[in-house]
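Sharing a structure with you now.
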Amino acid sequence: MSSNSESQKSTGLHIGVAAPGVKKVDPILVIDSVKKSFGGLTAVDVEHLEIPRGAITALIGPNGAGKTTLFNLLTGFDNPDTGAWSFEGKQLAGISSFKVAKMGQVRTFQLTKALSLLTVLENMKLGAKNQTGEKLLNSLFPFLWRKQDNELEVKAMELLRRFKLDAKKDDFAASLSGGQRKLLEMARALMTDPVLVMLDEPMAGVNPALTQSLLEHVLNLKKEGMTVLFVEHDMHMVRHIADWVVVMAEGKVVAEGAPDTVMKEQAVIDAYLGAHQDTDLGVVTGRIKVISEEGK
Amino acid sequence: MDWGSILNNTLAGLLTPTILAFALATLGLAMHFGFAGLLNFGIAGFMAVGAYGYAISVLTFGLPWWAGMIMGVAASVVFALIMGIPTLRLRGDYLAIVTIAAAEILRLLFLTTAFEPVTGSADGLFGYNNSGGFADANPFPPGDYGWGPWTYNEQTLWMLVFGLMVLAVATLLLWALMRSPWGRVVKGIREDEDAVRALGKNVFAYKMQALIIGGIFGALGGIVLATSTNVSPGVYVTSLTFFLWTALLLGGAATIFGPVLGSIIFWVLQAFLTNILPALAESGILPVSGIQAATLRYVLVGIGLMLIVIYRPQGIFGDKREMTFVK
């Protein structure tokens, strides 16, 4: 990457041996015995988990491991059966999702939620918090909110330029490509001035050229002092940008640690990466013999 | 065929208190469905609440006309709260079911003989415009006003001016709301309420505010209608709700003037069909009886509604770009 010096990994995040539930030096999010089941299926059952502040933490695991459910629980979009968790020391259990977002813990969605029939700029301005004009009575008097709205527009345009969406500002969000919508969703989340950014599969469905710039954006978040927690299946991305990796399987945290060490753990390889992680897919399926011979 | 009278009746239909009332209710639907994405199939119920609220306040409680109208509006706020609190947290379809049921329950309550001393049962309510002082508040001296098909006596003129003023204020209010950041949040909720929630907005409160404001417009429509005719339970039927929906979609659901112009086009067209279809049947061009011809217009309305939704979902005044991206 072009920004090698800037994208240095944060280290020394934990206290003691890296194991599931290990204590962090400065946790921003602390989760205690959060449990959620759908009927007979236990989707999430996390004993203890701490997310380090100011670092990029990746949450990985096979499909159905409960990563997105955990995201939904932490952001108030779903209620757990039991458990408690705190964000910057404030208890979040039972707090509704919009209040969680107001506190500075903002999320994106696995299936991108662009507001289709609003323009790109409107999408952005909607993200900003504490807008005077969003109160019903104030909204009727433009002199109360016009100034703030113009300031937000400047801020939104700055972000759009960074995400290379400024030329699209007057287009409906519906006219953007899938990758551009991912960018818009991330940019819109940044309009809220978040403390913790939670990205649910930010790379899913994004072409390789755009992946590069999305990676830069995620790294930039950290540089600007934000904490990032993301779910991702792309192991190259995880290795490249994550400072800390949490591995989930069947609802539980099975391993955590720095990316280069955690991915060598047997539990992780068993649960997620599989025995063939470094072999070509053609070899695994046995359909491409030449490569298979070369591999040996 | 008497083309002269058909044309005259149609043109007269351009400006009547009834059209103004329906335009107000359609404006309420635009707030609900067009901007906030709330599926309200009970707008006729909101109109009934406004009209009965006004008439009962005057006749039973002896309030003056303006206080009665305020009561009618207040009743619609209560009606919106009762429907909104249990359903607005749920998916949109639930509101649709509850509103259509609530409007019917309300109509049947007004129709039942159990409350006849208050509601007038099937006969409805009348005389409130005189006893409440609305007729006396008329600033126009007796006489004929206007020209050609638009000739009105002083009473009708007063109803028209009153209705026009209410409609103008409501339209202005809707425009002011929708260009503001408040309107932006409401439109965002229409697109995807989870996304808006994730940005820290109290979605439930916004939906409730939108439901109440649209409901007030509906109630004002009922009140304006009540100034020109009797309040009768036979008016606030489910088919009225669907006529209002047709007018809304015709004009453009997510526009400010679309609902107003859609209402005018729709009811002028209705007036035209009411006049021309029986005439066509009489002169033997249509192979049906006069009564059958009169009901034929409802068939045409249904076909028209389908054609709009299929071929021009954004309505006459909607943004062309919206059509490309219909969900």
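Letters A, B, ... mirror the listed sequences (proteins, then strands); counts begin at 1. The analysis underlying the following values was restricted to heavy atoms, covering all of them including side chains, and did not include hydrogens, waters or symmetry mates. In this text, all values refer to a predicted model and were calculated from it rather than measured experimentally.
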Query raised in the report: side chain to side chain contact (heavy atoms under 4.5 Å, CB included) between B:L199 and A:M191: does it pass, once the steps are laid out?
Result: CA-CA 9 Å; B:L199 294 169; A:M191 283 294 288; over 6 Å; no
Requested in this report: Taking all heavy atoms of A:S139 and all of B:W182, pick out the closest pair and write down the distance.
Outcome: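 Smallest heavy-atom distance, with atoms named: CB-CB, 3.5 Å.
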Requested in this report: May I ask you to name which of A:P194, A:A101, A:A114 has the most heavy-atom pairs under 4.5 Å with chain B?
Outcome: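 Sorted descending by pairs with chain B, the first entry is A:A101.
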Query - Sorted by number, residues from residues 142-153 of chain A in contact with chain B (heavy atoms, under 4.5 Å) - result: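 Within residues 142-153 of chain A, near chain B: A:P142, A:W145, A:R146, A:D149.
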Query raised in the report: Rounded to the nearest 0.5 Å, how far does CD of A:E134 lie from CZ of B:R184?
Result: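 One gets 6.5 Å once the value is rounded to the nearest 0.5 Å.
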Requested in this report: Could you list which of residues 202-218 of chain B have a heavy atom closer than 4.5 Å to any heavy atom of chain A, in residue-number order?
Outcome: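 So the qualifying residues are B:N202, B:Y206, B:Q209, B:I213.
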Report task. Examine whether an atom of A:Q131 lies under 4.5 Å from a heavy atom of chain B, and if so say whether it belongs to the side chain, the backbone or both; otherwise answer neither. Result ->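 The side chain, not the backbone.
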Report task. Please confirm whether the backbone N or O of A:L126 pairs with a side-chain atom of B:K201, one donor and one acceptor, at under 3.5 Å? Result ->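 Pair found, side chain donor or acceptor close to backbone of A:L126.
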Requested in this report: Measure distances from A:A173 to the heavy atoms of chain B and classify the residue's part below 4.5 Å as side chain, backbone, both or neither.
Outcome: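 Neither part; nothing is under 4.5 Å.
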Query - Proximity breakdown for A:T75 and chain B, heavy-atom pairs closer than 4.5 Å - result: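 Contact with chain B is absent: no heavy atom of A:T75 under 4.5 Å.
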Query raised in the report: For A:F141, is it the side chain, the backbone, both or neither that has a heavy atom under 4.5 Å from a heavy atom of chain B?
Result: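 The answer is neither part of A:F141.
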Query - Atom NZ of A:K135 with >12 non-hydrogen neighbours under 6.0 angstrom - result: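 Check fails, neighbour count at 12 or below.
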Requested in this report: Go through the atoms of A:K125 and report whether side chain, backbone, both or neither lie under 4.5 Å from a heavy atom of chain B.
Outcome: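 Backbone plus side chain of A:K125, per the 4.5 Å heavy-atom cut-off to chain B.
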Query - B:R179, CZ: over 12 other non-hydrogen atoms inside 6.0 angstrom - result: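 Yes, CZ of B:R179 has more than 12 neighbouring heavy atoms, counting only those of other groups under 6.0 Å.
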Query raised in the report: What do you reckon, is CE of B:M83 surrounded by more than 12 foreign heavy atoms closer than 6.0 Å?
Result: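 Buried by this count: over 12 neighbours within 6.0 Å.
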Query - Contact summary for B:A176 and A:L140, nearest pair of heavy atoms - result: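 Looks like CB-CD2, 3.9 Å.
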Query raised in the report: What distance separates B:K187 NZ from A:N123 CG, expressed to the nearest 0.5 Å?
Result: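 Reported to 0.5 Å precision, the distance equals 11.5 Å.
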Report task. Measure across B:A195 and A:L115 and return the closest heavy-atom pair with its distance rounded to 0.1 Å. Result ->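 Nearest pair, atom of B:A195 first, then A:L115: CB-CD2, 4.0 Å.
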Query raised in the report: How far does CG of B:D194 sit from CG of A:L111, to the nearest 0.5 angstrom?
Result: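 One finds 11.5 Å between CG of B:D194 and CG of A:L111.
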